[in-house]
Number of protein chains: 2
Amino acid sequence: MENKVTINDIARLTGLSKGTVDRVLHKRGEVSKKSYEKVMKVIEELGYKPNVFASLLAGGKGCQIAVVLPSGEKGSYWELAESGIAKVGADVEALGVRTQLFTYDQYKPESFHQTCTEVLEAAPDGVVLAPLFKEETSQFVLDLEEKGIPYVFVDSRLESEHYLAYFGMPMYQSGYLCADQLTGGFAIGSVLIVRVRRDKDQQADPTKNRRAGFIDYMLEHSPECSVSNIFIDPNDPEGTYNALDSYFKAHPETRHIVMFNSRIHLLVPWLADHPVKGRRVVGFDNLPENIAALRRGVVTSLIGQRPDVQVSRAIEALAEAIVLGQLPPQKDAFMHMDILTRYNVDYY
Amino acid sequence: MENKVTINDIARLTGLSKGTVDRVLHKRGEVSKKSYEKVMKVIEELGYKPNVFASLLAGGKGCQIAVVLPSGEKGSYWELAESGIAKVGADVEALGVRTQLFTYDQYKPESFHQTCTEVLEAAPDGVVLAPLFKEETSQFVLDLEEKGIPYVFVDSRLESEHYLAYFGMPMYQSGYLCADQLTGGFAIGSVLIVRVRRDKDQQADPTKNRRAGFIDYMLEHSPECSVSNIFIDPNDPEGTYNALDSYFKAHPETRHIVMFNSRIHLLVPWLADHPVKGRRVVGFDNLPENIAALRRGVVTSLIGQRPDVQVSRAIEALAEAIVLGQLPPQKDAFMHMDILTRYNVDYY
DNA sequence: AAAATTTCCGTGCACGGTAACGGAAAATCA
DNA sequence: TGATTTTCCGTTACCGTGCACGGAAATTTT
């Protein structure tokens, strides 16, 4: 059933041998132009697709996929992404696909560059890439294209036309959704945005678009609602605590709190000490610590994009493209924005 | 890489031929007890796993999976489930898995029984089953076990110990979650539950547990909030409209509305005619009509379990078990309860 | 004890594709 | 023109399993 057309059929119809047919299939030369075209024509007509099993059986090599991510500390967003590698379906593994993880320091462009050269040396059959640095990524992508190595973006992407697929979250919309969750659709008092202070010469703020979506929602639905910002240092718990304390001393009328990165858990100590009935606290990403906060009831809801799923789907898409020659149905796959509350988080 | 152990290795180590080894592997007799045990021992020791590619190549058959669902009218829940069949990964198909759909009338046990015999005649290698009738399902499952055909439940399940896996939604918790969505965590006025009238001798109400979860939440979080019920006939739009009309004439203070089955869209005509600021309307399942209502803003949120994903995951699990001999990591996979609002529905 | 069964097992081909090997034909060189 | 190199292609031996066929050995029948 399926594709009855075999390499032998083509050999017979072209009057050549399967050895020659195999040579044109794999473009390993030593074929006259005339024969080459004859074979290609018949392949086209019959819609020949090679039998994956036979190919794997004979060749045995399978394929190697490199996954390039920022190195994830324990409990971080990127560790979650990393765990997606282990979640690819058994059927993909059965197809002879192997994955190899390469990490880089998300704060050091030169570390990323270093990792890229390592990847190129490893010469994988495909690359899954979470890009953070524009310049360096453009260069890397050029190198990959030159070598004919297909690549898939996760989390964010470049404007490049040549990537095979992209799995990520629509940032602007996630901010919009977040605002809806925070306000519950009702008009409310003022809102506090807690942000992480970052050096200006560092990379651009990845949550910029998200914040924009949030602001737009508020302007449309609750124009009377005031929005304030404070900045904290993620490595200074005490400072964070004090920042919140002094802000709320000055603005006791502010009720709801939101953060646009995955660090909402940093607020837990202060929140736990200052419970307010009706306060809504919304953050992003299902990190273990965030989920714990959700369960405690300190955080109202989280908006999750499941980076692990992004990675595993990316690997699967890449594998299907390489091994089966099937392009992904859609190039840009914006993934679910999951709304997590304490009542459904157990099932994610 | 992987399993270097082949059938030839075993043949050599046992001093037998691969023909004999193959015979014990497939239990097709004609092997002396002594040889049988010798082979089994070596297989055990070396942890032999057959090469899927070679097997598929030689045998060619692949495997046949029967999917048994209630017949889904256009736009219905079960049609959504049906669509999951088309969504199994290309890699699973590449493994030589073919699926065949069998449907039955969800209101007629005898129709289910009829379908079951058809399935048994087709003698598939595995069965995905959405069971509605307890008695008949128990019998069917016994037949399957007798024939050694593995089966996976979706949507709901029997207490049977022998199913391979189950993909479904935790009903009680979904009701709990629903109540949280409806109230938004705030204390609110009274709530209306719209239910579908059904004959008592018909099957039991599949949403009973869900309702129980809802009620429990309300008792715990908003004991002062009154909950009323009305009943409608899904096939009588006019009657539905009038029922809502007369209820709300008598109880204008009731604001929020909930339905526990997938038919919240039946209320759209009335809701569209009677917009109330701050009213929350929550229903279940991402049917096209429900999603349309969500987009219009008539329905506040939906709780979705994506029956299509349940079906495709079930097929994949079954395929992996049959073809690769890999049991699913967890027997009971309670699937996500997705909270859908107009702001994230586009990404589901 | 010879013949007829039955039980058990080895051999060999097929599945579709890969790739090394070697040789014929064509092109280039002397 | 003969020798040499290049270009091109057919042959062949696998890869690991499935399975049909036929035959040796063990068992039962005459």
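FYI, side chains are in, hydrogens and waters are out, and symmetry mates aren't considered; it's all heavy atoms of this structure. Each chain gets a letter, A, B and so on, in the order the sequences are listed, and its residues count up from 1. Worth saying up front: this structure is predicted, and the values here are computed from it rather than measured.
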Hey, does A:G15 reach any base, or is it just sugar-phosphate, or nothing, if we go heavy atoms under 4.0 Å?
-> sugar-phosphate

Mind checking B:L56 for me? I need base, sugar-phosphate or nothing, with any heavy atom below 4.0 Å counting as a touch.
-> nothing

Phosphate-side-chain proximity, A:S35 and D:dC8, N/O vs OP1/OP2 below 4.0 Å | no

May I ask you to verify if any side-chain N or O of B:T20 is less than 4.0 angstrom from the OP1 or OP2 atom of C:dC8?
-> no

Between A:H336 and B:Y348, is the gap from one ring center to the other below 6.0 Å?
-> yes

Determine, using ring centers only, whether B:F153 and B:Y163 are less than 6.0 Å apart.
-> yes

Expressed in angstrom and rounded to an integer, what is the separation of [X] atom [atom1] from [N] atom [atom2]?
X: B:K34; N: D:dA26; atom1: NZ; atom2: C1'; answer: 12 Å
X: A:K27; N: C:dG17; atom1: NZ; atom2: P; answer: 17 Å
X: A:I43; N: C:dG17; atom1: CD1; atom2: C1'; answer: 13 Å
X: B:R23; N: C:dG10; atom1: CZ; atom2: P; answer: 8 Å
X: A:D9; N: C:dG16; atom1: CG; atom2: P; answer: 8 Å
X: A:I10; N: D:dC9; atom1: CD1; atom2: P; answer: 16 Å

Decide, yes or no, whether a salt bridge links B:D332 with B:R157 under the criterion of side-chain N to carboxylate O below 4.0 Å.
-> yes

Between [X] and [Y], is any pair of side-chain heavy atoms under 4.5 Å apart?
X: B:V309; Y: B:M335; value: yes
X: A:V39; Y: A:I10; value: yes
X: A:I149; Y: A:V127; value: yes

Considering only D:dC8, D:dG10, C:dC9, which nucleotide approaches the side chain of B:E30 most closely?
-> C:dC9

Can you pull the ring pair (Phe, Tyr, Trp, His ring centres under 6.0 Å) pairs that have at least one residue in residues 79-104 of chain B, sequence neighbours excluded?
-> B:Y104-B:F112

Between the protein and nucleotides 15-19 of chain D, list every N/O to N/O distance that falls short of 3.5 Å.
| residue | atom | partner | partner atom | Å |
| --- | --- | --- | --- | --- |
| D:dC15 | O2 | A:A58 | N | 3.3 |
| D:dG16 | N2 | B:A54 | O | 3.4 |
| D:dT17 | OP1 | B:Y48 | OH | 2.7 |
| D:dT17 | OP1 | B:N51 | N | 3.2 |
| D:dT17 | OP2 | B:I7 | N | 2.6 |
| D:dT17 | O5' | B:Y48 | OH | 3.3 |
| D:dT17 | O4 | B:K18 | NZ | 3.0 |
| D:dG18 | OP1 | B:H26 | NE2 | 2.9 |
| D:dG18 | OP1 | B:S55 | OG | 3.3 |
| D:dG18 | OP2 | B:D22 | OD1 | 2.6 |
| D:dG18 | O6 | B:K18 | NZ | 2.9 |

